[in-house]
Amino acid sequence: MTTGLASYFVSLVCATAAARRQSEVLSREETERMGFTWRGNATEISSHELLRDHESYPDSFSWCDVNGTSYCSMSRNQHIPQYCGSCWAHGAVSSLADRIKIARGARGADVNPSVQHVLNCHGGGSCHGGTVDGPFQWLHRLSKEGTGLSYETANPYVACSSEMSSGLCSAGTWTCEPINIARTCPTFGEDCTAIDPYPNVQISDYGSIRGKYAMQKEIYERGPISCGIDALPILNYTTGIVDDFGTLVDHVVSVVGWGKEDDTSYWIVRNSWGEYWGLMGYVKVAFGALRLESQCSWAVVSSYTAPELDNQVHCYEGGENCATSSATF
Ligand SMILES: *[C@@H]1O[C@H](CO)[C@@H](O)[C@H](O)[C@H]1NC(C)=O
Ligand SMILES: *[C@@H]1O[C@H](CO)[C@@H](O)[C@H](O)[C@H]1NC(C)=O
Ligand SMILES: CC(=O)N[C@H]1CO[C@H](CO)[C@@H](O)[C@@H]1O
């Protein structure tokens, strides 16, 4: 059932590769070679199937404005300090950050999980592309081991993965070692210290969905999701509603809700190209357009480190009481 769909995408990628940028979404073959399950159209029973059914949904609903409260996390830019095809990690991490904010009732300073941790640990891909739900498969594995995704303040985004040498990437090693998951560098001329345990977010469940109905149900009941999209028609997007049907999925974004203007219903989509692009980093995509409804994924947040949960391990500035190892950076 999924094979036809996958090879359709792959052949289109090959056929049009010359006309577009390199796809940031890997093929089924590449995905499986990395040890991830291809779930572009999962059919297995998941907690999504247990969600309440609605006859219909309101014409507009956005997690960025639920009765005046925004549950949307920060906008990001995957392409600086140098180009990195990490859209797949951004779409997943941003939707996850929103769901943490929803769980916290938008109280407290935002928790911003680390995209760089996903890249350093090959959690679904690299700067040369990845998979829509790979980050959630990876994080689910980590969560079962009792650890999770690090925070931005312990591992900031630098747009590098281990195969990258462009820009500032040659100045570091982007491997999945403790020092590249959460660290502190206490003073000049001394080694940096890996922090473990580190503030983190964990998930209990994840899955793949497709189609307008499943997307609305998942977003409305549980929060934003991560979806594949055709990026070519939106490279020069500025305002308005994009209704281009699209050709293939080569990019990943997060979907935070939907709206309606005149007679056109559209998805409210957060991209990861900075706030100078589009509508402060967002784009309105007409229902059915840009292949946005063809492969999406969701994850259920099970825990995160936050003051109200009183679950922080309190580390010293130099990390001495939380240190597992140290390395020169
Ligand atoms: C938003 O306000 C409406 C109208 O007062 C109410 O019916 C709805 O439950 C509220 N939604 C949330 C999520 O608080
Ligand atoms: C975007 O605009 C630039 C400058 O006008 C142009 O060179 C480029 O072809 C456009 N890209 C697309 C995908 O339309
Ligand atoms: C979960 C899901 O969306 N499953 C779909 C996978 O594709 C088949 C065939 O197109 C659909 O019937 C399923 O609903």
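Atoms within each ligand, like the ligands themselves, are counted from 1 in listed order.
- Distance screen at 4.0 Å: atom 14 (O) of ligand 2 has a protein heavy-atom neighbour inside the cut-off.
- The protein heavy-atom contact nearest to atom 12 (C) of ligand 2 is N236 ND2, 3.4 Å.
- Under the 4.0 Å distance rule, the nearest protein heavy atom to atom 4 (C) of ligand 2 falls outside the cut-off.
- Distance check for C84 and C160: the SG atoms are not under the 2.5 Å cut-off.
- Remark: atom 9 (O) of ligand 2 lies closer than 4.0 Å to no protein heavy atom.
- D262 meets the salt bridge (charged side-chain N to carboxylate O under 4.0 Å, His left out) test with no other residue; sequence neighbours excluded.
- Between R21 and D250 there is no salt bridge, since no side-chain nitrogen of the basic residue lies less than 4.0 Å from a carboxylate oxygen of the acidic one.
- A salt bridge is defined here as a Lys NZ or Arg NE, NH1 or NH2 lying under 4.0 Å from an Asp or Glu carboxylate O, and K217 with E55 fails to meet this definition.
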